[in-house]
Amino acid sequence: MTVLAQVPTGSGQPAPPPPARSGRYRLLPYLLLLPGAAWLFVFFAVPLLQLAAASLYDPAGSLSTGYALTWAFGNYPDAVQAYWPQFARSFGYAGLALLLALLLGYPLAYAIAQKAGRFKNLLLVCVVAPMFTSFLVRTLAWKTILSDNGALVGLLRDVHLLGPDGRLLATPFAVVLGLTYNFLPFLVLPLYASLERLDHRLLEAASDLYASPLHAFRRVTLPLSMPGLVAGTLLFFIPASGDYINAELLGTPNEYMIGNVIDSAFLVRLDYPQGAALSFLLMAAILAVVFGYLRKAGTEEVL
């Protein structure tokens, strides 16, 4: 057995250099990354490249005659010109749903994180419980709740908040409500994670410095919850802007979003070049919104 002598403290001698790592250990981190990188390459990069190629196919082609890669970049302006209202509607509905989700989700996350006590885990389960069922089933349930013969519409008519022929289903309100309900947990959970770590002593210090509750929230609670708020808004907005189930089941063609157009292009009209071009345009628009939002949120956090 080899005994390594320790250098006594204060001897003035430099500590021995750490042992050199062999090439096998230097490659270990890269080997650990290899399965994930291979997964992303096969199931993300390759399909993305294939989708990019499909967006440049000759629009005159078809499944029966085949498609030729003619680098038809005109597919992109044609798609924007034909379906810009659906693009605007998608981001408009997603933005309205996000605002409604913030009004509901921030107080809910704060109450669970700071006020729930021993009921915290139960309330978290209640937030996540709807995710245990299918997205389609949850949306169909809202279709029943908002139906013209349902109890909710009947109650609103009785209290004269809706006219005799008023309805909730097949309206923009129904689509926004469905988006809010289906994606609300993606906003609440990151917010809860940030608010749960909030130090109460900071709020007490703000109160000792004569800060009002609103001022303490603006200068203490909100900045400290910003990481969860940024993550939650992105997790909510990105899938909401590309959704098509809620518009399909809770709306009419007048409420269709760009996701409905892409679904129709691929599965109904079999227009692969246009569907691929619309998909890339949607990804580009979402990335532009996300990067702009992250840059703004980062600047505000610094300030």
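Nothing fancy with the numbering, it's 1 onward along the sequence.
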Trainee: Linking I/L/V/M/F/W/Y whenever their side-chain heavy atoms sit closer than 4.5 Å, directly or via other members, would Leu99 and Phe91 fall into one cluster?
Mentor: no
Trainee: Please report the C-alpha distance between Ile286 and Val290 in whole Å, then the side-chain angles of each, then the deciding distance to 0.1 Å, and finally whether the side-chain contact (heavy atoms from CB on, under 4.5 Å) criterion is met.
Mentor: CA-CA 6 Å; Ile286 291 176; Val290 168; 4.1 Å; yes
Trainee: Which heavy-atom pair separates Ala174 from Leu168 by the least distance, and what is that distance?
Mentor: CB-O, 3.2 Å
Trainee: Quick one: closest heavy-atom pair of Met283 and Leu48, and the distance?
Mentor: CE-CD1, 3.7 Å
Trainee: Testing the basics here: between Ala216 and Ala206, what is the closest heavy-atom pair and its distance to 0.1 Å?
Mentor: CB-CB, 4.1 Å
Trainee: Evaluate the ring planes of Phe73 and Trp71, with Trp represented by its six-membered ring, and classify them as parallel (under 30°), tilted (30 to 60°) or perpendicular (over 60°).
Mentor: parallel
Trainee: Answer yes or no: are there more than 12 heavy-atom neighbours, outside Arg219 itself, under 6.0 Å from its atom CZ?
Mentor: no
Trainee: Apply the test side-chain hydrogen bond (donor to acceptor under 3.5 Å, both in side chains) to residues Asn246 and Asp243: give CA-CA distance (whole Å), side-chain angles for both, the deciding distance (0.1 Å), then the verdict.
Mentor: CA-CA 7 Å; Asn246 287 279; Asp243 180 71; 2.8 Å; yes
Trainee: Using side-chain heavy atoms (C-beta onward) and a distance below 4.5 Å, is Ile262 in contact with Tyr244?
Mentor: no
Trainee: Do the non-hydrogen side-chain atoms of Leu195 and Thr221 ever get within less than 4.5 Å of each other?
Mentor: yes
Trainee: Indicate yes or no: at least one non-hydrogen side-chain atom of Ile245 is less than 4.5 angstrom from one of Leu249.
Mentor: yes
Trainee: Would you name the heavy atoms of Val127 and Leu108 that are closest together and state the gap between them?
Mentor: CG2-CD2, 4.1 Å
Trainee: Test side-chain contact (heavy atoms from CB on, under 4.5 Å) on Val80 and Leu281; report intermediate values, then the result.
Mentor: CA-CA 8 Å; Val80 172; Leu281 288 170; 3.5 Å; yes
Trainee: Please round to the nearest 0.5 Å and tell me the distance separating atom NZ of Lys143 and atom CG of Leu250.
Mentor: 8.0 Å
Trainee: Does Leu56 share a hydrophobic cluster with Leu63, counting links as ILVMFWY side-chain heavy atoms below 4.5 Å and allowing steps through other members?
Mentor: yes
Trainee: How long is the span from the OH atom in Tyr57 to the OH atom in Tyr272, to the nearest 0.5 Å?
Mentor: 10.5 Å
Trainee: For residues Tyr67 and Asp58, report the shortest heavy-atom separation together with the two atoms involved.
Mentor: CD2-O, 3.7 Å
Trainee: Which atom pair, heavy atoms only, marks the closest approach of Ala79 to Leu278?
Mentor: CB-CD2, 3.6 Å
Trainee: In terms of side-chain heavy atoms, does Ser147 have a donor or acceptor partner in Thr144 at a distance below 3.5 Å?
Mentor: no
Trainee: Look at the aromatic rings of Phe135 and Phe183 and report parallel, tilted or perpendicular, splitting at 30° and 60°.
Mentor: tilted
Trainee: Step by step, work out the side-chain contact (heavy atoms from CB on, under 4.5 Å) result for Leu198 and Gln114.
Mentor: CA-CA 8 Å; Leu198 184 65; Gln114 301 294 327; 3.6 Å; yes
Trainee: For the residue pair Asp78 / Asn75, report whether a side-chain donor-acceptor contact shorter than 3.5 Å exists.
Mentor: no
Trainee: Looking at residues at least two apart in the chain, or sitting in another chain, which of them share a ring pair (Phe, Tyr, Trp, His ring centres under 6.0 Å) with Tyr181?
Mentor: Trp142
Trainee: Above 12 or not: heavy atoms from other molecules or residues under 6.0 Å from CG of Asp158?
Mentor: yes
Trainee: Identify whether Leu103 and Phe237 are in the same connected component of the hydrophobic contact network (ILVMFWY, side-chain heavy atoms under 4.5 Å).
Mentor: no
Trainee: For the residue pair Tyr106 and Ser225, confirm or rule out a side-chain donor-acceptor distance under 3.5 Å.
Mentor: yes
Trainee: Under 3.5 Å, is there a donor-acceptor pair linking the side chains of Thr252 and Glu255?
Mentor: yes
Trainee: Please walk me through it: do Leu224 and Leu202 pass side-chain contact (heavy atoms from CB on, under 4.5 Å)?
Mentor: CA-CA 10 Å; Leu224 291 178; Leu202 298 175; 3.5 Å; yes
Trainee: Other residues, nucleotides and ligands only: do more than 12 of their heavy atoms fall within 6.0 Å of CZ on Phe266?
Mentor: yes
Trainee: Are Leu184 and Val128 linked, directly or through other ILVMFWY residues, by side chains that come within less than 4.5 angstrom of each other?
Mentor: yes
Trainee: Would you please say whether a donor-acceptor pair under 3.5 Å links the side chains of Ser55 and Tyr76?
Mentor: yes
